[in-house]
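Everything on this sheet refers to the single structure shown next.
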Amino acid sequence: MSQFWKPGTERPRLVDDEEGGVLLYTTSSSSSSGFGYGSLEKQRQRLPVYKYKTAILYSVETHATTIIVGETGSGKTTQIPQYLKEAGWAEGGRMIACTQPRRLAVQAVATRVTEEMDVKLGEEVGYTIRFEDITNEKLTRVKFLTDGVLLREMMDDPLLSKYSVIMVDEAHERSLSTDILLGLLKKIQRRRPELRIIISSATIEAKSMAAFFNTRRRREEEQGPTKEPAILSVEGRGFNVEIFYVDDPVSDYVRSAVSTVMSIHDQERMGDILVFLTGQDDIDTAIQLLTEEAQSSGKQGLVSVPLYSGLPRADQDLVFSPTPRGKRKVIFSTNIAETSLTLEGIVYVVDSGFSKQRFYNPISDIENLVVAPISKASARQRAGRAGRVRPGKCFRLYTEDYFSNEMSVVGIPEIQRSNLVSCVIQLKALGIDNILGFDWPASPSPESMIRALEVLYSLGVLDDDAKLTSPTGFQVAEIPLDPLISKMILASCELGCSEEIITIAAVLSIQSIWIPVRGVQKQLDEAKLRFAAAEGDHVTFLNVYKGFMQSNKSSKWCHKNFINYHAMRKVIEVREQLKRITQRLGIGLKSCEGDIQAVKKAITAGFFANAARLEPFSHNGMYKTLRTSQEVYIHPSSVLFRVNPKFIVYHSLVSTDRQYMRNVITIDPSWLTEAAPHFYQKQLHSSIPQ
DNA sequence: GATTCAGAC
């Protein structure tokens, strides 16, 4: 698909864009290979953060916590770890850590810093992300890592004692793992007064971060660093972006976005356009509309490109290919372009004012994906995307009055919108007993916490005192997956089908192994039938995995069978990791040699709470969950769709117009009481006929 | 016969 590349020319490079996003250069002129040490050093000194070097180092020396407010392009991410290193914070066997929310950013920043320091990656400077540890225990002094990896490291070293300074980058994004990490770092600080924390954040969040880390008590005699956090601001290097609003609210933001693109193309000078929409549906509709309108009005020179994370890699690459001469590229994107990817050459931004967000309802225990208004912070971030190469313009498809008076200042932190089962078990594993009293940067609702505790208790992971059980609780915590999946893996060891179950676990932990196609639905269904198992989707995954391995992991084979090759590579990676972990836990892998009943019993051992029963006289395939008698249906993508077996266990619910069960297997209801007698005791004689 | 924003161990 990358037809814009000439063979033999350089492919795009990943380069840190100073804010955790990744900028993809396509021109060889920005390659650093042409620069010697001297000019790299000059480049470093030209970054805005350079002027603040002394102030930053002084503040870190004298304050337990320093908050750096750094705008786009300030250079904070690449420079501050180097300043700390130069100032001696990595001496005496200590290390400097810098966390990022995203893997790609970790790799890009680490690579950039090794170039600037003229060292080899994995020696003095290294990085760790899942599946990839490019560090050397003896040599590495500056380490970049995802915040999720740092959380995992705490399981072995709860006080993170090998680090002298921990810099948490992009804290304003308030991702789940960043918030957990911040809460834990505050606790560690009390035990390790010598530890320094640097939090880099956007303006809007700085004050609340400072309040959170302010542990100074009145009249307290202070020793060591000041407890009250310091706040330092570093200006960015973005260009000015002029903001335009609509006069009246728009009723259809997709249509409105398309007509805005048309008028930009008509009236504004050259430069690419980035349009923020909510999902694949919006994006496909918008591209179709734009094509039609351009055709009917005879306008030429527009090249529209979709961008969302589920897009196959080859199609994603189109976004980074240089815009052909005399053409204007229009990128229709989800939120992926707001923080995760930085696009070069964008001069105009069209902001719909919406994004899809996950919300969790602890009462019904259902996670929903809904189109919701974005925050002011997001709107500013989106607008900023227009000012990276020259002054730009941002067209907001909402009124100025709405922006000023109705938009919330910041979004709801992820921790308040999520199922907390994984989070709670992680805290428990770190010895935090009083989960409900944990000091968070933003507290999740008590209902969510209690629901998580209930689920973990029902899995046998927590005991009556809400302490981790031994060995089950500790083992489940050790496995980096949803605790329900981890429990399934542990059960499979006893049932002698762990070889099969870790394959299923790996498939369930990635989005989808099928190619997301529209229009060729029929072929996809036929391909699926080749692997379909009467027992259900999980067993079907085993058939797919077997076929993939027999094809010698062939991408051609995947293509032929409508299977996502990259997803299968990931399945293999996760599976390898699970293999290592089970070995470490001392539970060997065993195959059940085709005894599918054992496999289904293991699945039931983890997912017994997700059991449903077909309504006796249902003509439309209506099921009711055994636990809450909720109305649910088998998802049309399941191999058991329209088969409608009497009793099933599902992996997850997706709710649209109905509640659909995704990934289901048939079960014998007696396995439920076998797997979780405590859970199904009451229902034993009422809802489960024996 | 209907779809899943983004991210991570």
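Chain A is the first sequence line, chain B the second, and so forth, proteins listed ahead of strands; every chain is numbered from 1.
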Quiz item: Would you say A/Thr146 reaches B/dC9's phosphate, i.e. side-chain N/O to OP1/OP2 under 4.0 Å?
Solution: yes
Quiz prompt | A/Ser355 vs B/dC5: side-chain N/O to OP1/OP2 distance below 4.0 Å | solution =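 Answer no for this pair, as no side-chain N or O of A/Ser355 is under 4.0 Å from OP1 or OP2.
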Of the nucleotides [options], which one has an atom closest to the side chain of [X]?
X: A/Ser340; options: B/dA2, B/dG7, B/dC5; answer: B/dG7
X: A/Pro480; options: B/dG1, B/dA6, B/dC9; answer: B/dC9
X: A/Gln511; options: B/dA2, B/dT4, B/dC5; answer: B/dT4
X: A/Val149; options: B/dA2, B/dC9, B/dC5; answer: B/dC9
X: A/Arg642; options: B/dG1, B/dA6, B/dC9; answer: B/dG1
X: A/Leu369; options: B/dG7, B/dA2, B/dC5; answer: B/dC5

Quiz item: Is A/Arg396 positioned over the aromatic face of A/Phe403, cation under 6.0 angstrom from the ring centre and no more than 45 degrees off axis?
Solution: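 The answer is yes, since A/Arg396 meets both limits relative to A/Phe403.
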Using a heavy-atom cut-off of 4.0 Å across all strands, would you classify [X] as base, sugar-phosphate, or nothing?
X: A/Thr278; value: sugar-phosphate
X: A/Gln426; value: nothing
X: A/Ile129; value: sugar-phosphate

Quiz prompt | Passing candidate, side chain to side chain donor-acceptor pair (under 3.5 Å) with A/Glu338, options A/Arg382, A/Gln381, A/Arg385 | solution = A/Arg382
Practice problem: Just jot down the side chain to side chain donor-acceptor pair (under 3.5 Å) partners of A/Gln357, sequence neighbours excluded, or say none. | Solution: A/Ser355
Specify the separation, in whole Å, of atom [atom1] of [X] and atom [atom2] of [N].
X: A/Arg102; N: B/dC5; atom1: CZ; atom2: P; result: 18 Å
X: A/Asn620; N: B/dA2; atom1: CG; atom2: C1'; result: 15 Å
X: A/Gln357; N: B/dA6; atom1: CD; atom2: P; result: 13 Å
X: A/Leu508; N: B/dC9; atom1: CG; atom2: P; result: 19 Å
X: A/Lys528; N: B/dA2; atom1: NZ; atom2: C1'; result: 11 Å
X: A/Ile479; N: B/dC9; atom1: CD1; atom2: C1'; result: 12 Å
X: A/Glu173; N: B/dA8; atom1: CD; atom2: C1'; result: 13 Å
X: A/Phe354; N: B/dC5; atom1: CZ; atom2: P; result: 16 Å

Self-check item: Of A/Thr128 and A/Phe641, the one whose closest DNA chain B nucleotide lies more 5'
Solution: A/Phe641
Quiz item: Pick the nucleotide of DNA chain B nearest each of A/Ser309 and A/Arg152; which residue has the one closer to the 5' end?
Solution: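 Final value for this comparison: A/Ser309.
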Self-check item: Selection residues 147-160 of chain A - residue pairs positive for side-chain hydrogen bond (donor to acceptor under 3.5 Å, both in side chains), sequence neighbours left out
Solution: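 Only A/Lys143-A/Glu153, A/Asp147-A/Ser177, A/Asp147-A/Thr178, A/Glu153-A/Tyr163, A/Asp157-A/Ser161 qualify under side-chain hydrogen bond (donor to acceptor under 3.5 Å, both in side chains).
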Self-check item: Residues forming a side-chain contact (heavy atoms from CB on, under 4.5 Å) with A/Gln416, sequence neighbours excluded
Solution: A/Ile412, A/Pro413, A/Ala442
Practice problem: Return the set of residues passing side-chain contact (heavy atoms from CB on, under 4.5 Å) with A/Leu453 (not counting sequence neighbours), or none when no residue passes. | Solution: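 For A/Leu453, the residues satisfying side-chain contact (heavy atoms from CB on, under 4.5 Å) (neighbours in sequence not counted) are A/Val424, A/Lys428, A/Leu462.
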Exercise. Please list residues of residues 655-666 of chain A whose heavy atoms come under 4.0 Å from any atom in DNA chain B, ordered by number; otherwise none.
Key: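 A/Thr656, A/Asp657, A/Tyr660, A/Arg662, in order of number.
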Quiz item: Is there any salt bridge (charged side-chain N to carboxylate O under 4.0 Å, His left out) pair reaching into residues 364-378 of chain A, and which pairs are they, with sequence neighbours excluded?
Solution: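 Salt bridge (charged side-chain N to carboxylate O under 4.0 Å, His left out) check on residues 364-378 of chain A returns A/Arg358-A/Glu367, A/Asp365-A/Arg451, A/Asp365-A/Arg627.
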Quiz item: If we ignore angles and hydrogens, is there a donor and acceptor under 3.5 Å between the side chains of A/Tyr398 and A/Asp351?
Solution: yes
